[in-house]
Amino acid sequence: MKKLLSIALALLMVLGLAAIAKPASADAEEITLWTYPIGNWGNEEAVKALTDAFTAETGIKVKVEYLTYTDGDDKVNTALTAKKAPDLIMEGPERLVSNWGAQGYMVNIADLFDDQDKAEINPAALAACFADDATAYEYPLCMTAHCMAINMTAVKEAGAEEFVNTDTHLWTTEQFFNTVKALAAKYGLVGGIYCSGQGGDQGTRALVNNLYGGTFTNAEHTAYTWDDPKNIQALKALYDLEGLDYDPSINGGEEIANFYNGIFKMAFCWNIGQQLNPNSAGTGAGKTANGEDIAFMAFPSEDGNAVLQGGIWGFGIFNNGDDARIEAAKKFILYMADSEHTVDAVRASNYFAARSAVAGNELDIWAGNEIMAEYNKLMPFLGDYYQVTKGWAPARTAWWNMLQQVGASDGSEAAIAAAVADYCAQANEGAK
Amino acid sequence: MSPELRRRETVAGYLFLLPSLIFFVGFVVIPMVMCVVTSFFDATMDLNTPDKFIWFDNYIELWQDPVFLKGLTNTLIIVLVSVPFTCIFSLWVASAIYKMREGLLSFFRIVFYLPVVTGSVAVTVVWKWMYNNYYGIFNYVLKNTGIISKNINWLGNPQYALWCIILILLTTSVGQPIVLYVSALSNVDSSLVEAAEVDGATNTQVFWRIKWPQIMPTTLYILIITTINSFQCFALIQLLTSGGPNYATETVMYYIYYTAFKLYRFGYGNAMGVILAIFIGILSAVQFRLAREK
């Protein structure tokens with residue numbers, strides 16, 4: 001009896017293990033979507049409304065998992081190595097095209113783009129989603145331009161209003177420096193060149209590149225070029241500027257929190273999502289914690305015409321070897337990003353549509369929204385989407401390590417140039 | 001017991017062991033073997049490039065990699081500081097409290113054990129707030145008492161960052177050793193202690209001659225566990241500094257994670273894992289040997 005019992009128990013456990021190891025193959029009536037927190041695409045309630053509508057129309061259920069930027073990549077990579085990847089993933093070309101696509105994990109979805117789509121989708125977004133002319137790993141849904149923000153109430157109190165144009169949201173390097181100086185004279189601390197990690201690094205990259213017209217990569221996206229003298233000049237100028245410190249103890253998210261709580265008077269990690277809901281605190285659009293006004297601004301440049309870093313987000317399909325599921329995933333993409341439902345899908349992101357029209361019908365997603373209309377003034381300044389350059393992940397790490405090194409240096413041009421050269425070389429190693 | 005009965009009992013015993021054995025083999029043994037095997041390959045996530053057998057190249061590269069060497073140095077500093085401190089401090093606290101009445105003893109046990117059972121993320125977030133450059137309590141107190149005139153960026157300054165990490169590690173490491181030492185000291189044969197005292201032994205002599213030998217197995221366990229935990233310091237680094245500033249808090253464990261899961265160099269990361277395991281193995285063996293000789 002005891003032997004029988006033990007055999008039965010052991011079998012049960014082994015069968016249980018087998019069940020864990022190989023789940024029953026789901027048919028194409030259910031697909032899985034993993035999404036990063038792209039506006040309200042990280043909000044279960046908002047996404048459920050969208051996926052329920054999709055299920056009602058197609059009969060295909062969508063199981064959604066919500067990732068964070070802190071550990072999302074690790075989860076996806078673990079799933080990929082365990083061959084448990086989701087059917088669909090929502091993120092930007094730097095991950096979908098340059099990383100997982102280039103490594104052979106994604107399905108080529110070039111067949112989803114017809115000529116009309118290609119005409120309607122923003123050219124920069126379209127280009128970023130294609131690895132080459134015939135291979136696409138992402139279908140774009142939404143996009144925005146990243147910018148910076150200033151505490152307008154503090155700027156007025158510091159008497160620096162004359163340097164800030166809240167109509168065009170553009171300013172020159174000189175106006176920016178004058179504003180920082182005025183704020184520093186009044187408050188001491190103005191902001192921080194955050195560099196504890198890669199979170200929000202688009203802000204520091206755009207700030208440094210814009211100040212004197214430096215670049216991050218070459219136009220062909222084959223090499224990192226942030227060792228050019230214009231960037232060194234910018235890093236040196238920031239080092240010398242009172243009120244702004246290189247801060248290796250905070251990242252972009254923490255910078256936003258400091259700005260929202262009034263500790264900083266400027267933030268370099270900003271976009272329309274933050275402007276609508278600063279620090280995701282739900283305390284009102286364009287306001288700090290104590291109700292002071294926040295103005296969004298382009299990054300300063302010598303001639304006042306910024307080159308802004310873009311964010312493009314859309315869907316990609318992991319190749320799990322199941323044609324039925326791939327087809328179902330494609331249906332989902334077209335439903336969300338190329339149909340009359342695109343308006344809702346884009347609105348959930350809190351960003352702008354990556355296309356001007358769907359099937360010839362103009363998209364007017366943010367009609368009547370004053371803040372979005374105002375923010376839309378920055379969109380023409382979207383620059384090159386260089387995040388698709390090979391070796392992007394190590395290059396990002398090299399960037400914030402370089403900022404740490406610059407901050408810890410004596411601030412001499414030679415020391416800054418040496419740090420920049422060293423880490424840029426590291427980044428270029430990864431680009432080979 | 002007849003041979004047949006013994007055989008049946010043996011089979012039954014193994015069958016009961018089977019489920020946990022499957023888990024052990026599946027989740028411990030096989031990954032360990034794969035780790036060693038992969039460390040000889042140029043293994044990445046790239047499906048388009050097959051993994052290449054590269055003999056000892058990963059191991060050679062390690063010793064030329066300044067970040068790994070910095071991480072190894074920092075790891076050794078953490079071990080050398082935290083292991084002796086944890087053992088001595090917890091023994092001192094346990095010696096002071098183990099004879100207290102039950103209520104008071106429980107209070108101290110709770111106080112020292114609380115950081116152990118509190119989630120590491122919660123503990124780290126609180127410490128991060130205390131260390132904060134702009135509104136942290138350390139800067140607030142030090143400034144208001146006139147000890148410093150300007151805020152110190154505790155986690156952003158290479159001079160202080162590693163010591164800040166070690167301080168947190170110490171507060172979360174002493175709880176378990178204290179509880180173990182309290183238990184071990186309570187179990188010391190009181191008749192031996194009383195006999196020594198009757199013979200005129202001083203407190204120091206009683207401790208070193210009677211108690212210390214009897215709590216040696218506990219000390220050995222604490223030494224090994226603390227050493228392993230110190231070598232594997234990861235969550236604090238990940239949550240507080242990401243190895244910065246300028247690699248001042250880089251540890252081998254964090255660099256393994258970074259190399260494998262950010263750069264996708266699985267082979268290289270695994271080679272580091274093997275080296276770390278060898279270090280831990282050697283140190284544990286030395287500790288065993290020393291304890292046995294004592």
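Predicted, not measured: the structure shown is a model, and the values here were computed from it. The chains referred to below are lettered A, B, ... by the order of the sequence lines, with proteins before strands, and numbering in each begins at 1. Hydrogens, waters and symmetry mates play no part in the numbers below; they use all other heavy atoms, side chains included.
For A:Y105, the parts lying near chain B are the backbone and the side chain together; criterion is any non-hydrogen pair under 4.5 Å. At a 4.5 Å heavy-atom cutoff, the contact between A:Y423 and chain B is made by side-chain atoms alone. Contact annotation for B:Y257: only side-chain heavy atoms (C-beta onward) come within less than 4.5 Å of a heavy atom of chain A. If you measure heavy-atom distances from A:D245 to chain B, you find no contacts under 4.5 Å at all. In this structure, the portions of B:N48 lying under 4.5 Å from any heavy atom of chain A include both its backbone and its side chain. For B:N153, the part lying under 4.5 angstrom from a heavy atom of chain A is the side chain only. If you measure heavy-atom distances from A:Q198 to chain B, you find no contacts under 4.5 Å at all.
Summarising the geometry, atom CH2 belonging to A:W100 is positioned 14.5 Å from atom CG belonging to B:D46; distances are rounded to the nearest 0.5 Å. Remark: B:N132 CG to A:I263 CD1 distance equals 6.5 Å, nearest 0.5 Å. Interatomic distance, CD1 of B:I152 versus OG of A:S249, reported as 12.5 Å (0.5 Å rounding). Atom-to-atom distance recorded for B:F266:CZ and A:T81:OG1 is 5.5 Å, nearest 0.5 angstrom.
Considering every non-hydrogen atom in both B:F261 and A:N77, the closest pair reads O-ND2, 3.8 Å. Closest non-hydrogen pair, A:P248 versus B:G156, comes out as CG-O, 3.1 Å. Of all the heavy atoms in B:K262 and A:D74, the pair that sits closest is NZ-OD1, 3.9 Å.
Ranked by heavy-atom pairs under 4.5 Å with chain B, the first of A:N99, A:N251, A:L403, A:I250 is A:N99.
A donor atom on one side chain and an acceptor atom on the other are found under 3.5 Å apart for A:T397 and B:Y258. Judged purely by distance below 3.5 Å, without hydrogens or angles, the side chains of A:N261 and B:Y135 never pair a donor atom with an acceptor atom. Side-chain contact of A:D247 with B:Y134: a donor-acceptor pair under 3.5 Å is present, judged by distance alone.
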Item checked: Test side-chain contact (heavy atoms from CB on, under 4.5 Å) applied to A:Q103 and B:L47, step by step -> CA-CA 5 Å; A:Q103 295 188 85; B:L47 292 178; 5.8 Å; no

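A 6.0 Å sphere centred on CZ of B:F53 holds more than 12 heavy atoms belonging to other residues, nucleotides or ligands.
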